[in-house]
Amino acid sequence: MTGSNRPFILCHDCGLPHALPASMPGHRAECSRCGAVLRHFRSGSLERCAALTSAALILFVVANLFPVLTFELEGRAQSATLISGSLALWRGGFESLAILVFFVLILAPLLEMLATLYVVLPLAYGVAMPGAARAFRIVARLRPWAMAEVFLLGLIVAYVKLSDLAELTPGTSLAALLGFIVLQVWGDAALSPFDVWERLAPQTRVGQAAEADAAHLTACHDCRQVVAGSEGDCPRCGAGLHRRKPNSVQRCWALIVAATVLYIPANLLPIMTVIYFGSGHPDTILSGVQSLIAAQMWPVAILVFFASITVPVLKLAGLTYLLVSVQRRSSRRRRDRTRLYRIIEGVGRWSMVDIFMISLLAALVQLGAVADIRAELGAVAFAAVVVITMMASESFDPRLIWDAAHREAHHGLEARHG
């Protein structure tokens, strides 16, 4: 591959231009400035992803047909399927929470798999379906919101909390759910998004970029295509073009303030009430952790404390630090700040553990006067914190960290092999 025919890309985390090296199996190209992975070459990635996603889809259907857990107390039994938690929350008057749980547990994973197959399966045979670029853009946007693996942790927490109260029996769907999660994660890891986009429409080449003014090159936020100018829509995926995410700092600040305000009632108000033989006991997030500690369930207590208390606080503090450093045009520890952003972006979804646990408990423990568990307003406030902090990290543009850096040469910079 000649130098002028190499794919040309702007790093999505710091904006540095790179001419990608030739593809070699097992190798990946990393940004020489911030360390972001620009391309991970995987031979046969389309075929492998199509096979794994097809198998995952089958297991996902099976996982929705049968119970995942059965609760039995005083001769009465109650089973829960994946959708039972959403239905229980809806019947309890928490419609917004029910819709959120249904979306992240069922709808988002289903749409992600269907869109992936629509794009990848024909593309493996050299056929690009109509609208494939827009469909693959949807896949990338849905991925953070598909939370089956987080639900599994919530199920484990619910199992531990109920194990001393009654007899619990894993259902047929639990094995299918485990298999689905493994295959979905494996399929995502097997796929190289760069190769998909390259097959849908070739990446801009170094020679083409050299003909344009380097200062006016823009990378699409969704497919990473590099185009001249910063107006209109991306010619490859149809997303709106912007040199940087519009109003990134202002939107991120607004979302952080909203999440901080909601975090107070999320911790002060009960997230659920446990009614046992007519006696009600409300639980906050912290009291739930304390009860797990009192029961000597240290691993689960640590998990809940980390996911429900530590992660939201660290996300809010971390995003605040990044925003302040960007507004002060700080040039210190830019690479470390970029790593911090990647961590914040990756861990936020795991705070949904508590919400999934509550939905499962509300679905399983519906035994009238014997035992009943209901969601409370604190759960709504906490779910809003999780969603808003995820939106805040999505709104932040990590390239702003590097905009205060001294200008570097726009051409001739090579991506290094990882």
Side-chain angles (χ1 to χ4, degrees), residues 9-18 28-40 140-141 143-145 147 149-150 153 188-189 193 219 221-222 224 242-263 266 302-303 305-353 382 385-406 408 415-416 418:
I9 194 169
L10 301 179
C11 175
H12 51 277
D13 279 355
C14 73
L16 190 68
H18 289 281
R28 63 182 183 181
E30 296 179 351
C31 175
S32 59
R33 183 162 69 174
C34 74
V37 177
L38 303 176
R39 180 185 188 182
H40 198 163
R141 295 191 178 185
R143 188 163 290 127
W145 299 96
M147 301 185 187
E149 63 273 33
V150 185
L153 282 184
D188 285 346
H221 296 308
D222 290 88
R224 314 302 179 196
H242 308 281
R243 186 175 177 273
R244 296 291 181 264
K245 293 179 181 179
N247 304 312
S248 172
V249 172
Q250 295 89 332
R251 285 191 295 130
C252 195
W253 268 123
L255 292 167
I256 287 175
V257 171
T260 303
V261 171
L262 285 167
Y263 191 64
I302 292 170
L303 169 65
F305 181 82
F306 179 77
S308 302
I309 297 177
T310 306
V311 168
V313 170
L314 291 181
K315 280 195 72 175
L316 292 171
L319 285 170
T320 299
Y321 166 67
L322 291 177
L323 287 169
V324 170
S325 66
V326 163
Q327 290 185 302
R328 294 183 62 185
R329 299 186 179 275
S330 172
S331 60
R332 298 181 59 188
R333 305 179 70 88
R334 292 189 295 266
R335 191 177 178 115
D336 289 338
R337 282 188 280 148
T338 305
R339 288 198 190 102
L340 174 62
Y341 170 73
R342 293 179 196 138
I343 294 171
I344 290 172
E345 190 178 33
V347 302
R349 61 206 297 270
W350 293 94
S351 294
M352 279 291 292
V353 166
F382 184 74
V385 171
V386 177
V387 171
I388 291 172
T389 52
M390 288 181 66
M391 293 170 61
S393 60
E394 169 62 25
S395 298
F396 183 77
D397 195 330
R399 291 170 295 185
L400 298 174
I401 296 171
W402 297 88
D403 283 349
H406 295 296
E408 300 188 40
R416 60 182 173 85

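Note that CZ of Arg33 and OG1 of Thr338 are 8.5 Å apart. Values are rounded to the nearest 0.5 Å. Distance check, rounded to the nearest 0.5 Å: CG of Leu322 to CD1 of Ile401 gives 5.0 Å. Distance check, rounded to the nearest 0.5 Å: CZ of Arg335 to CH2 of Trp402 gives 7.0 Å. Rounding to the nearest 0.5 angstrom, the gap separating the CZ atom in Arg399 from the CZ atom in Arg244 is 4.5 Å. Here the SG-CG distance, from Cys11 to Leu38, works out to 5.5 Å after rounding to the nearest 0.5 Å. To the nearest 0.5 Å, atom CG of residue Leu16 and atom SG of residue Cys31 are 5.0 Å apart.
Evaluation of the ring-ring contact (aromatic ring centres under 6.0 Å, His included) rule for Phe396 yields Tyr341 as partners, not counting sequence neighbours. Under the side chain to side chain contact (heavy atoms under 4.5 Å, CB included) criterion, Ser325 pairs with Ser330, Arg337, sequence neighbours left out. Residues satisfying the side chain to side chain donor-acceptor pair (under 3.5 Å) criterion with His12, sequence neighbours excluded, are absent altogether.
For the pair Arg334 (side chain) and Ser331 (backbone), a donor-acceptor distance under 3.5 Å is present. Within the 3.5 Å criterion, the main-chain N or O of Val386 finds a donor-acceptor partner in the side chain of Thr389. A distance-only check finds a donor-acceptor pair linking the side chain of Ser351 to the backbone of Ala307 [under 3.5 Å].
With a 4.5 Å cut-off on side-chain heavy atoms, Glu149 and Arg349 count as touching. Contact of the Met390 side chain with the Lys315 side chain is registered, since non-hydrogen atoms from C-beta on lie closer than 4.5 Å. Side-chain contact between Met352 and Trp350 is absent, with no heavy atoms from C-beta onward closer than 4.5 Å. Counting heavy atoms from C-beta on, the side chains of Arg342 and Cys34 come closer than 4.5 Å.
Of the charged side-chain nitrogens involved, none lies within less than 4.0 Å of a carboxylate oxygen, so that Glu394 and Arg141 do not count as a salt-bridged pair.
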